[in-house]
Amino acid sequence: MLGILSWKRGRLNEAEEIARRCLQEASNLGHALYESYAALLTGLVCLHGGSYTRARESFEGREGLEESSRYLRLSLLTTEFMGDVHLEQGQADRALKCYEEVWPLALALVPKGDIIAELRRRRAEAMYLLGRHQDAWSEAEAGLKHCRELGDRYEEAATYRILALSAAALGRPAEAKKWFDQGFAYYEDIQTPYEWGKLWMAYGDWLRGPHAGEYADPRSARDAYLAAREHFEGMGAMGKLADVESRLAESAETVSVGGRPNSVDAAPASLAELRRPPRRPRGSAELDRRSAWAREAFGFVTRSRLLLDLLDDVAKLARSGAPILILGESGTGKELVAHGIHKLSGRTGNFMPINCGALPREVIESELFGHVIGAFTGATRDKMGLFEVCNHGTVFLDEIAEMSLDLQSRLLRFLETGEFRRVGSNKNVAVDTLVIAATNRDKATLEGGERFRADLYYRLAHAVVVLPPLRRRGEDIDLLITHFLDEACQRHGRRIALSPAARNRLIAYSWPGNVRQLRSTINRLVVLGAPDREIGPEGVQLDEAKAPASLTEELEQAERRSIVDALARAGGVRTDAARVLGMSRTTLIGKMKRYGIQ
């Protein structure tokens, strides 16, 4: 793993040394499998270094291993990497032949695994080089979806390059620019110089090629090639370095500055210019992408990195098939998360929520497990419970801590065995149903076993998701105010605006009822507000009851309220407000941005 990490980060000498040591130690131990994996790593290092013959030699002899469960993945990877040797040399037809050989076996072995995402991107690139641009775009799009489901950031970033080139070749330059922007935003975050260099080179090819449309810019193309050269040169990728030097030589013949041709070794005016040529994306592109994904996958309107990171983890848990426990205050979106987990899990059955605190014990037992005719008074027919109805689907048990202890015991047994009995029956029923549970109780209470079985908690504890309250989501309050205001105005056919002071009053509030309370408050303002008039702070009526919070949260709430009050007294003049608060104007602006204060 250390060798792979070094290879992806472009530290080829370090990766090669690790591979050499692994080969030696595996050989001494007589461990053929580890020796083969070390040989594959050596081949990948050679491939990125541009030593294509050495890479081929490292892969040869590893093909055709016995196709047991122990060696099949290794054999597939070897053929895949042989395809990469051809692809890096522009031999797209030979590369695609290797990938097509691996494809059906990989689908049978790991239909949702990382190798499928890798193959889709490689197949798409080969198709693009062969002029099959629509096929390339469709395959890359499918690969992107798979990468996002897996959380494979490296492959996702590489896929943006193929999507951009394919979209450009299909005559869609604006879409091409969007995909290039996404790729740049990703690589600046994950720092993988080889693929980043290839993205720069592809970007340069696009800017000076026939498909750039209004974005054509030979000078920026040259800057992109220089950026690519910096990456390839820094890691020792000699094959790609030769390619980009050739492009620089060609571009020097067509680009001139002040009437004089640029020399091949000319550099941009500054390093910052190199890193940010005119067509680079804005810094928030990655946050935009993650925010759009959170809304699509979970229905969350957020730009909070805290929440986005949490949702990334939830997406990974969704694919595990293990039961999940969601903790959080009322109104934080526990059911949204549960529904998102069901969608991302790939399950084909139903999604059914049930509130464990709203039904009597006898009713909820029958609802969950079902009953047979005559099991109790009124049981006039057999009935399937939710666990049975949702076979291959998901049951969401909201407020699970309100469930009686004996029912918790039955649930624990079901989680451990996958079997249950209908009420009144003596036969077990086996189903494959994902259980997602939720409660607004805190972790410490559950761990202490207060009206909740500790063994049930620990059965769920390997996958616990704790949703942050709205007061900890920074600028999300302002974002949600705008979202709910637009939503309510459209629903009620009204035009209502909030003054900056009214908006800041909402932002400064602690929202003990979280997003649910905020939505209700905005809806009330729209319904009661005068049409086509701006609502001032006096029109915002809020319950001043404080939400339970840690000391840190209390301090943040107090600071938020103080900033809003100071801005109101200063008439919105930041310099005067900063003086009142005893802080610099720069510090004030930073805090306003953090809290979403206008």
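The analysis underlying the following values was restricted to heavy atoms, covering all of them including side chains, and did not include hydrogens, waters or symmetry mates. Nothing fancy with the numbering, it's 1 onward along the sequence.
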Out of curiosity, Met127 CE to Asp135 CG, how far, rounded to the nearest 0.5 Å?
-> 5.5 Å
May I ask you to decide if Ile162's main-chain N or O and Ser166's side chain share a donor-acceptor pair within less than 3.5 Å?
-> yes
Between CZ of Phe232 and OH of Tyr194, what distance do you get to the nearest 0.5 Å?
-> 6.5 Å
Asp217 side-chain N/O to Arg208 backbone N/O, donor-acceptor pair under 3.5 Å = no
Does the side chain of Val301 come within less than 4.5 Å of Phe484's, by heavy atoms?
-> no
Does the Tyr99 side chain pair with the main chain of Asp84, one donor and one acceptor, at a distance under 3.5 Å?
-> yes
So how far is it from Leu87 CG to Arg122 CZ, rounded to the nearest 0.5 Å?
-> 8.5 Å
Validation row: Leu163, Gln182 side chains within 4.5 angstrom (heavy atoms) | no
Main-chain N/O of His342 paired to Ser345 side chain as donor or acceptor, under 3.5 Å = yes
Is the shortest heavy-atom distance from the side chain of Arg219 to the side chain of Leu207 under 4.5 Å?
-> no
Exactly one of Ile507, Asp486, Asp476 clears side chain to side chain contact (heavy atoms under 4.5 Å, CB included) with Ile481, and that residue is Ile507
Taking every non-hydrogen atom, the tightest pair across Ala136 and Ala124 = CB-O, 3.3 Å
Close side-chain approach of Lys177 and Asp181, heavy atoms under 4.5 Å = yes
Pair Gln134, Ser138: side-chain N/O donor-acceptor within cut-off below 3.5 Å | yes
Classify the angle between the aromatic ring planes of His339 and Phe351 as parallel (below 30°), tilted (30 to 60°) or perpendicular (above 60°).
-> perpendicular
Answer yes or no: is there a donor N or O on one side and an acceptor on the other, between the side chain of Thr159 and the main chain of Glu155, under 3.5 Å?
-> yes
Does any N or O in the side chain of Arg229 come within less than 3.5 Å of the main-chain N or O of Leu241, such that one atom is a donor and the other an acceptor?
-> no
From the options Arg289, Arg121, Arg120, Lys145, select the one residue that forms a salt bridge (charged side-chain N to carboxylate O under 4.0 Å, His left out) with Glu156.
-> Arg289
So with a 6.0 Å cut-off around CD of Gln89, is the heavy-atom count from everything else above 12?
-> yes
Taking atom types as modelled and ignoring hydrogens, do the side chains of Tyr225 and Asp243 form a donor-acceptor contact shorter than 3.5 angstrom?
-> no
By side-chain contact (heavy atoms from CB on, under 4.5 Å), which residues pair with Ala168, not counting sequence neighbours?
-> Ala176, Trp206, His211
If you measure from CG on Leu287 to OG on Ser304, what distance do you get to the nearest 0.5 Å?
-> 9.0 Å
Are the side chains of Leu480 and Arg473 in touch, meaning some heavy atoms are under 4.5 Å apart?
-> yes
State, yes or no, whether a side-chain contact exists between Asp313 and Asp309 at a heavy-atom distance under 4.5 Å.
-> no
Would you check if the distance from the ring center of Trp293 to the ring center of Phe298 is below 6.0 Å?
-> yes
For the residue pair Asp478 and Arg503, establish whether any side-chain heavy-atom pair is separated by less than 4.5 Å.
-> yes
Just wondering, do Trp179 and Trp137 contact through their side chains at under 4.5 Å, heavy atoms?
-> yes
Trace of the side-chain contact (heavy atoms from CB on, under 4.5 Å) decision for Met592 with Arg574 | CA-CA 10 Å; Met592 288 174 65; Arg574 296 175 182 179; 3.9 Å; yes
More than 12 non-hydrogen atoms from neighbouring residues, nucleotides or ligands closer than 6.0 Å to NZ on Lys343, yes or no?
-> yes
Salt-bridge test for Lys198 and Asp205: reply yes if a basic N is under 4.0 Å from a carboxylate O, no otherwise.
-> no
Could you walk me through whether Glu195 and Lys240 pass the salt bridge (charged side-chain N to carboxylate O under 4.0 Å, His left out) check?
-> CA-CA 11 Å; Glu195 286 294 340; Lys240 288 301 173 189; over 6 Å; no
Verdict with reasoning, Glu139 to Arg132, per salt bridge (charged side-chain N to carboxylate O under 4.0 Å, His left out) = CA-CA 11 Å; Glu139 187 72 1; Arg132 296 166 51 185; over 6 Å; no
Determine the minimum heavy-atom distance between Leu434 and Ala322, stating which atoms define it.
-> CD1-O, 3.3 Å
